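Please read the structure below before turning to the comments.
For reference, positions follow the sequence shown, starting with 1. Computed from a predicted model, the values in this text were never measured in an experiment. Counting convention: from 1, in listed order, for ligands and their atoms alike.
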Amino acid sequence: MKKPFVAGNWKMNTNGHTSMDLADRLASAFTELAGRNVTVAVFPPFVYLQAVGKALNGSGIALGAQDVYFEPDGAFTGEISISMLRDIGCNYCLCGHSERRHVIGETDGLIRKKVSAAISGGLLPILCVGELLEERKASRTNEVVTRQIKEGLSGLSAEKLAAVIIAYEPVWAIGTGLTATPQQAQEVHDFIRKLLSQMYNQRSAEDIRILYGGSVKPDNAAELMGQKDVDGVLVGGASLKANDFLVIIRAVMRFKMPV
Ligand code: PEP
């Protein structure tokens, strides 16, 4: 059964007070949402994960981390391990978010280690891929996404692939207010599914969830979700406003029924 997925990436936003307020609002609204044909997870900053997790407890909203380190423990100052995240109730982690690739400088090789270690350690990774504006203009979108997926999943068995979620996030659409058109999103999602079918098999490619991310808002979520290969959304800015995020969740629930 492929449930649609809505992820809320809070990035380096909120403080102790506003993170709790947001979590409380989401928890009480989500508890009342009938049906719940959707998986929802939020990705707060590390320092608020535990408190947000407590506030969400019993609501049905899952907890995720914005990043993770691949080593189990040791002299890695500033890093957070998979078992630490599991310890405080995290089930998901983002791997290779565009801001980590392009601002912090993470490589495909490092991201591959994170994806692989996350699965082995019991965290479900969301592998983020997407092209820069100049790469799209040069018609290199498919080439870039192919490299990121092939390298990010390198060595991963079909069995382990079942734990992975892919997020297609064109870098030019993240935090810019520019959204890929539903057709542009569908084209790349379809391309990714075909690529996975070649790398693995058709069944694995059909089962995997491919999210779209990049300026998803209450007024464009439904149209994006109406696309055949869009299985959910990764939301940044709009996930910081409880009402906006809830409108997006409802749009996803309406458009995608589990198969
Ligand atoms: C993101 O954080 O992955 C994202 C897509 O951000 P925004 O929705 O603000 O573009």
Side-chain angles (χ1 to χ4, degrees), residues 4-14 18-19 22 26 38-46 48-49 52 61-68 90 92-106 111 114-115 118 124-133 135-136 141 144-145 148-149 152 164-182 184-186 188-189 192 209-225 227 229-252:
F5 196 103
V6 183
N9 176 17
W10 296 2
K11 310 196 190 201
M12 199 173 73
N13 293 303
T14 70
T18 56
S19 61
L22 186 50
L26 292 176
V38 63
T39 302
V40 176
V42 294
F43 297 74
F46 282 126
Y48 305 129
L49 273 172
V52 167
I61 299 179
L63 196 62
Q66 297 175 19
D67 187 31
V68 72
C90 275
Y92 298 93
C93 63
L94 302 182
C95 291
H97 188 277
S98 80
E99 285 141 23
R100 297 213 59 86
R101 290 178 188 267
H102 298 292
V103 182
I104 314 289
E106 287 194 7
I111 294 160
K114 293 184 177 191
V115 169
L124 303 173
I126 301 181
L127 172 63
C128 304
V129 299
E131 80 286 4
L132 298 164
L133 184 57
E135 292 167 334
R136 173 160 282 265
T141 299
V144 171
V145 164
Q148 291 171 335
I149 289 187
V164 177
I165 296 171
I166 305 274
Y168 168 57
E169 300 204 290
V171 181
W172 48 272
I174 299 181
T176 57
L178 291 175
T179 318
T181 64
Q184 284 173 323
Q186 169 58 25
V188 182
H189 283 226
I192 291 173
R209 282 174 294 188
I210 307 176
L211 317 183
Y212 169 78
S215 297
V216 175
K217 306 285 177 210
D219 60 2
N220 60 22
E223 224 191 336
L224 287 159
M225 288 308 303
Q227 302 303 306
D229 288 295
V230 178
D231 303 315
V233 284
L234 172 45
V235 186
S239 72
L240 293 168
K241 294 181 192 142
N243 287 344
D244 285 2
F245 195 51
L246 288 161
V247 172
I248 293 170
I249 293 169
R250 288 195 182 94
V252 170

Over 12 non-hydrogen atoms of neighbours within 6.0 angstrom of CD in Glu223: no
Check for a donor-acceptor pair, side chain of Asn9 on one end and backbone N or O of Gly236 on the other, with a separation under 3.5 Å. no
With side chains defined as the heavy atoms from C-beta onward, is the minimum distance between Ser19 and Pro44 less than 4.5 Å? no
Over 60° means perpendicular and under 30° means parallel, so tell me whether Tyr168 and His189 are parallel, tilted or perpendicular. perpendicular
Side chain, backbone, both or neither: which part of Ala173 comes within less than 4.0 Å of ligand 1 when only heavy atoms are counted? backbone
Any sub-3.5 Å donor-acceptor pair from Glu99's side-chain atoms to Ile104's backbone N or O? no
Using salt bridge (Lys or Arg N to Asp or Glu O under 4.0 Å) as the criterion, list what pairs up with Glu131, not counting sequence neighbours. Arg136
Polar proximity ligand 1 side, Leu234 side, N/O cut 3.5 Å exclusive: no
Identify the closest protein heavy atom to atom 2 (O) of ligand 1: which residue and atom is it, and at what distance? Lys11 CE, 2.7 Å
Looking at side-chain heavy atoms only, is the closest gap between Leu133 and Leu178 below 4.5 Å? no
Heavy-atom distance under 4.5 Å between the side chains of Val216 and Leu234, does that happen here? no
Which residue and heavy atom of the protein sit nearest atom 9 (O) of ligand 1, plus the separation: Gly237 N, 2.8 Å
Ligand 1 contacted by Ala238 (non-hydrogen, < 4.0 Å): no
Does any N or O atom in Thr176 lie less than 3.5 angstrom from one in ligand 1, N or O only? no
Should Asn9 be counted as touching ligand 1, given the test is an N or O pair under 3.5 Å? yes
Which residue supplies the protein heavy atom nearest to atom 10 (O) of ligand 1, what is that atom called, and how far is it? Gly175 N, 2.6 Å
Among protein heavy atoms, which sits nearest to atom 5 (C) of ligand 1, and what does the distance come to when rounded to 0.1 Å? Glu169 OE2, 3.0 Å
A student checking ligand 1 against Ser215 at a 4.0 Å heavy-atom cut-off should list atoms 7 (P), 8 (O), 10 (O)
Side chain to side chain contact (heavy atoms under 4.5 Å, CB included), paired with Lys114, selected from Leu127, Asp67, Leu94: Asp67
Do Ile174 and ligand 1 have an N or O pair less than 3.5 Å apart? no
State whether the side chain of Asn220 and the backbone N or O of Ser215 hold a donor-acceptor pair below 3.5 Å, judged by distance alone. yes
Please report whether ligand 1 has a polar contact with Glu99, defined as an N or O pair separated by less than 3.5 Å (distance criterion only). no
Looking only at protein heavy atoms, what sits closest to atom 8 (O) of ligand 1 is Gly236 N, 2.8 Å
Below 4.0 angstrom from a heavy atom of Gly214, which ligand 1 atoms are there? Numbered from 1 as shown, please. 5 (C), 10 (O)
Distance from atom 1 (C) of ligand 1 to nearest protein heavy atom, with residue and atom: His97 NE2, 3.3 Å
